[in-house]
Amino acid sequence: MRPRVKFSGIIISHLGNIDGRLPDKENRLSYLKAALKAGWHVCADVVFYNSGFLLPYQNGFDPAPMSFFSQSRVWSRCHDAETLDALCNIKAHAFFTSDSGHTLTSEQFVWTLPPDPLVGRAIAAFPELTDPDWLEKYEPAGLCSNTPIQYV
């Protein structure tokens, strides 16, 4: 693990992870809620199916209530346009993943993959996977990590 890097912006727990990946717990509703309760923002993968929201995880899906996605600290990552549309209809903070290095969220943040340049409204996704000076060269609004604890 890299040495700690103090970061003063928004810090988002990817799939509920706080101090490294736990694949058997990732994106489970209880794991995401625990991260929220501990004070973190969370990024959750979401699928809209049969008029309901599902959280895909390693061996299945957890149903999740609409109210979960309406929380201000929940960032919903959609894998299709139907899910994005459904989340925008309930005014959830959502974004559609893409293969490009930048994605605009519904709250006008720029989700950015390394090593693409970061802008002021950027969320630096997975800074632990790239050169440590990626965060230091720029001043992004936030970051999303599987190890967010290393940034506090």
Indicate if Val47 and Phe96 have the same hydrophobic cluster label, given that clusters are the connected sets of ILVMFWY residues with side-chain heavy-atom separations under 4.5 angstrom.
-> no
For the hydrophobic clusters of this structure (ILVMFWY residues joined by side-chain heavy atoms under 4.5 Å, transitively), does one cluster hold both Leu15 and Val46? no
Quiz item: Between His41 and Trp75, how do the two ring planes meet: parallel, tilted or perpendicular, split at 30° and 60°?
Solution: tilted
Q) Are Tyr138 and Val110 linked, directly or through other ILVMFWY residues, by side chains that come within less than 4.5 angstrom of each other? A) no
Minimal heavy-atom distance between Phe95 and Cys43, with the atoms involved, is CZ-SG, 4.2 Å
When every non-hydrogen atom of Phe69 is compared with those of Ala92, the smallest separation belongs to O-CB, 3.3 Å
Taken in chain and number order and not counting sequence neighbours, the residues that satisfy side chain to side chain contact (heavy atoms under 4.5 Å, CB included) with Asp24 are Leu22, Gln58
Intermediate values then yes/no, side-chain contact (heavy atoms from CB on, under 4.5 Å), Leu32 and Asn27: CA-CA 6 Å; Leu32 293 165; Asn27 214 47; 3.9 Å; yes
Would you check, one step at a time, whether the test side-chain contact (heavy atoms from CB on, under 4.5 Å) holds for Thr97 with Thr103? CA-CA 7 Å; Thr97 58; Thr103 299; 5.9 Å; no
### Query
Got a donor-acceptor contact below 3.5 angstrom from the Arg121 side chain to the Ala141 backbone?
no
Stepwise side-chain contact (heavy atoms from CB on, under 4.5 Å) check, Tyr49 with Asp80 = CA-CA 11 Å; Tyr49 177 76; Asp80 60 51; over 6 Å; no
Examine Val152 and Val42 and state if one hydrophobic cluster contains both, with Ile, Leu, Val, Met, Phe, Trp and Tyr joined whenever side-chain heavy atoms are less than 4.5 Å apart. no
Review point. Does the side chain of Tyr31 come within less than 4.5 Å of Ser13's, by heavy atoms?
Key: no
* List the steps and the verdict of side-chain hydrogen bond (donor to acceptor under 3.5 Å, both in side chains) for Asp45 and Tyr57. => CA-CA 9 Å; Asp45 285 345; Tyr57 65 90; over 6 Å; no
Shared hydrophobic cluster, Phe7 / Val119 (ILVMFWY, side-chain heavy atoms < 4.5 Å): no
Report the relative orientation of the aromatic rings in Phe126 and His14; use parallel for angles under 30°, tilted for 30 to 60°, perpendicular for over 60°. perpendicular
To the nearest 0.5 Å, atom CD1 of Ile123 lies from atom NE2 of His102 at 12.0 Å
ask   = CD of Glu139: more than 12 outside heavy atoms within 6.0 angstrom?
value = no
- List the steps and the verdict of side-chain contact (heavy atoms from CB on, under 4.5 Å) for Asp85 and Phe48. CA-CA 9 Å; Asp85 185 55; Phe48 186 69; over 6 Å; no
Which of Leu118, Leu135, Thr112, Ile12 passes side-chain contact (heavy atoms from CB on, under 4.5 Å) with Leu143? It is Leu135
Here the gap from Arg73 atom CZ to Ile10 atom CD1, rounded to the nearest 0.5 Å, amounts to 12.0 Å
Please check this pair: side chain of Glu128 against backbone of Asn146, looking for a donor-acceptor N/O pair closer than 3.5 Å.
yes
Quiz item: How about Asp131 and Pro115: do any of their side-chain heavy atoms sit closer than 4.5 Å?
Solution: no
Are the side chain of Ser106 and the backbone of Ala94 linked by a donor-acceptor contact shorter than 3.5 Å? yes
Rounding to 0.5 Å, atoms CD1 (Ile18) and OG (Ser145) come to a distance of 11.0 Å
dist Asp19:CG -> Gln150:CD (nearest 0.5 Å) comes out at 8.5 Å
dist Leu113:CG -> Leu129:CG (nearest 0.5 Å) comes out at 9.5 Å
Rounded to the nearest 0.5 angstrom, the CD1-SG distance for Ile11 and Cys144 is 11.0 Å
Residues passing the side chain to side chain contact (heavy atoms under 4.5 Å, CB included) test with Leu29, sequence neighbours excluded, are Lys33, Leu55, Asp62, Ala64, Pro65, Phe68
